[in-house]
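Reading through the structure tokens given below for one structure.
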Amino acid sequence: MFPLNIETQLGHIWLNVFYVVIGFGFGFALERAGFGNARVLAAQFYLRDMRVLKVMFTAIVTAMLLVFWGSQLGIVDYRALFINPTHLWPGIVGGVIFGAGFVVGGYCPGTAIVSMATLKLDGALFIVGLALGMFVFGETVEHFRAFWDSSGFLGEVTLMDWLGLSTGVVVLAVVAMALAMFWAAEKVERYFASRTRQDP
Amino acid sequence: MSEKSYTYMNPYAAGIFLGVVLFASFALFGHGLGASGSVAIATGVATDAIAPGHVEGNAYLVNLVRQQDNPLDNWLVFEIIGVILGGLVSGALGGRVRKETFHGPRIDDKKRLLLAVLGGAVAGFGVRMSRGCTSSQALSGGAVLSAGSWAFMFSVFAGAYMTAYFVRKQWY
């Protein structure tokens, strides 16, 4: 039955070994996808290359389906998994700020680490910036503590709870939405490719 | 940077690969992937080394540094060691490990690096506000259908699209 409990079964050292292994797969996948390159990432926001959307939503759908099928078969305990608690407003405000930083800086935290690992200077300096921003957040959070702690706080709510739909319906809707976005992404890319060819 | 042959994996194949790794994380540990947390821990440890005692006054960093005897004995740190190794090996296999700075033809390295620090700082503030980044919120929370993670994900795209116009000279 998943998730496993590696710490009690094998010990703390082995748990950390597994974390390094999973991290290796994560970093390898990000670099293969082209996400160690800020130009590839930024292209998403100018509609030139929709890789970010394609990779992200394919990954989400893949993992979601594996969790869903696993729990249907009784080998994954969905309720034992960590479901990020919903702090709606800090999540939305933080997300917009984060998105702005993403296109200005060219990376997000994971991709910047992969970029730095392949000796990209902009990736390394993005991480320096991240550290500065986090420090400033810690220094100032007391001024908006109530907002950060409790604005739109709903606990561990899922899309199923929120929309009042069954898990199967939500899973199907997410897959349908992803496929529609992939279709649109391919159209947008073809449109821009034909436009740039006409340029002198 | 001239247009070199940066050929990457098919995005859908890369997405399936990433999704399987993400699922493996849930199956092994009960939670998804993380990236920004390791930078937060590093920030706390560095602050504590440079200005001893200062973290006590930093409402966010203090929890990271004082929670246990050794703040570096944290899964986020081990996972990031793996991320660095995995990125390095993939980059080496693709012939992409070299010192360079990515930007468009209309700005120089120095300006790009300034914007990288600035954007990083903005993202670092935002990521603490939202309690997670594209890895821990969008990918991981998205896959287990957390409502807040989906709201975060669409907000990230919204923020990036709203800002893109103002920094277009950096990229094209």
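Naming convention: chains lettered A, B, ... in sequence-line order (proteins, then strands); numbering from 1 in each chain.
Side-chain contact between Y19(A) and V77(B): absent, with no pair of heavy atoms (C-beta onward) separated by less than 4.5 Å. Counting heavy atoms from C-beta on, the side chains of R66(B) and D48(B) come closer than 4.5 Å. Inter-residue side-chain proximity for Y107(A) and S115(A) is flagged as met; some heavy-atom pair is nearer than 4.5 Å. Annotation: side chain of L47(A) is in contact with side chain of Y161(B) (closest heavy-atom distance under 4.5 Å). Counting only heavy atoms from C-beta outward, the side chains of D49(A) and E189(A) approach each other to under 4.5 Å. Here the side chains of L165(A) and M160(A) are not in contact, with every heavy-atom distance at 4.5 Å or above. A heavy-atom distance below 4.5 Å is found between the side chains of F45(A) and F102(A). Residues T167(A) and Y78(A) have side chains not in contact (no heavy-atom distance under 4.5 Å, counting atoms from C-beta outward).
Between chain A and the options A14(B), A35(B), A121(B), heavy-atom pairs under 4.5 Å are most frequent for A121(B). Of the listed residues (G152(A), A33(A), A100(A)), the one with the most heavy-atom contacts under 4.5 Å to chain B is A100(A). Comparing F29(B), F157(B), F166(B), Y60(B) by heavy-atom pairs within less than 4.5 Å of chain A, the highest count is held by F29(B). By number of non-hydrogen pairs under 4.5 angstrom with chain B, the leading residue of H12(A), E7(A), R48(A), M1(A) is R48(A). Interface check for chain A: of the options G148(B), G87(B), G91(B), A13(B), the most heavy-atom pairs under 4.5 Å are formed by G87(B). By number of non-hydrogen pairs under 4.5 angstrom with chain B, the leading residue of N5(A), L4(A), N16(A) is N16(A). Ranking V104(A), T86(A), T140(A), L163(A) against chain B, the residue ahead of the rest is V104(A), based on heavy-atom pairs under 4.5 Å. The greatest number of non-hydrogen atom pairs below 4.5 Å with chain A, out of A42(B), S155(B), G34(B), is found for S155(B). Top candidate by heavy-atom pairs under 4.5 Å with chain A, chosen from L18(B), V83(B), L33(B), is V83(B). In terms of heavy-atom pairs under 4.5 Å with chain A, the best-connected choice from L22(B), T43(B), N63(B) is T43(B). Ranked by heavy-atom pairs under 4.5 Å with chain B, the first of G110(A), A124(A), A42(A) is A42(A). For the set A112(A), A80(A), G106(A), G123(A), the count of heavy-atom pairs under 4.5 angstrom toward chain B peaks at G106(A).
Contacts between V67(A) and chain B at a heavy-atom distance below 4.5 Å involve backbone atoms as well as side-chain atoms. For E142(A), the part lying near chain B is the side chain, with the backbone staying farther off; criterion is any non-hydrogen pair under 4.5 Å. Heavy-atom distances place both the backbone and the side chain of L93(B) under 4.5 Å from chain A. There is no contact between A92(B) and chain A, counting heavy-atom distances below 4.5 Å. Both the backbone and the side chain of V157(A) come within contact range of chain B, judged by heavy atoms closer than 4.5 Å. Using a 4.5 Å cut-off between heavy atoms, Q137(B) contacts chain A through both its backbone and its side chain. E156(A) does not touch chain B: none of its heavy atoms, backbone or side chain, sits under 4.5 Å away. If you measure heavy-atom distances from V174(A) to chain B, the contacts under 4.5 Å come from the side chain alone. Interface residue T47(B): only side-chain heavy atoms are found under 4.5 Å from chain A. Residue contact with chain B, scored on non-hydrogen atoms closer than 4.5 Å, involves the backbone and the side chain of A38(A) alike. In this structure, the portions of F182(A) lying under 4.5 Å from any heavy atom of chain B include both its backbone and its side chain. Of the atoms belonging to V40(A), it is side-chain heavy atoms, and not backbone ones, that fall under 4.5 Å from chain B. Both the backbone and the side chain of A59(B) have a heavy atom closer than 4.5 Å to some heavy atom of chain A. With a 4.5 Å cut-off on non-hydrogen atoms, A43(A) touches chain B through its backbone and its side chain both.
A tilted orientation is assigned to the rings of W150(B) and F154(B), their planes being inclined by 30° to 60°. In this structure, F152(B) and F98(A) have tilted ring planes: the angle between them lies in the 30° to 60° band.
Here L10(A) pairs with I6(A), W14(A), F18(A) under the side chain to side chain contact (heavy atoms under 4.5 Å, CB included) rule; sequence neighbours left out. Residues that satisfy the side chain to side chain contact (heavy atoms under 4.5 Å, CB included) test with A151(B), not counting sequence neighbours, are L88(A), I92(A).
Cation-pi geometry between R112(B) and W171(B) is not satisfied (NZ or CZ under 6.0 Å from the ring centre, within 45° of the ring normal). Cation-pi geometry between R168(B) and Y165(B) is met: the NZ or CZ atom falls under 6.0 Å from the ring centre, inside 45° of the normal.
By a heavy-atom distance cut of under 4.5 Å, L125(A), F126(A), I127(A), G129(A), L130(A), A131(A), L132(A), G133(A), M134(A), F135(A), V136(A), F137(A) are the residues of residues 125-137 of chain A near chain B, going up by number. Within residues 67-76 of chain B, the residues that have a heavy atom under 4.5 Å from a heavy atom of chain A are D73(B), W75(B), listed by number.
Not one N or O on the side chain of S151(A) forms a donor-acceptor pair closer than 3.5 Å with the backbone of W148(A). S25(B) places a side-chain N or O within donor-acceptor distance of the main-chain N or O of H31(B), the cut-off being under 3.5 Å.
Residue S38(B) comes nearest to I113(A) through the heavy atom pair OG-CD1, 4.1 Å, listed as atom of the first residue, atom of the second, then distance. Closest approach of T58(A) and T62(A) over heavy atoms only: O-OG1, 2.7 Å. Closest approach of T118(A) to L88(B), counting heavy atoms only: CG2-CA, 4.5 Å.
A side-chain N or O of H103(B) and one of D109(B) form a donor-acceptor pair less than 3.5 Å apart.
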Can you list the steps and then say if D77(A) with S71(A) is a side-chain contact (heavy atoms from CB on, under 4.5 Å)?
CA-CA 6 Å; D77(A) 181 6; S71(A) 72; over 6 Å; no
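Other residues, nucleotides and ligands place no more than 12 heavy atoms under 6.0 Å from the CD1 atom of I13(A).
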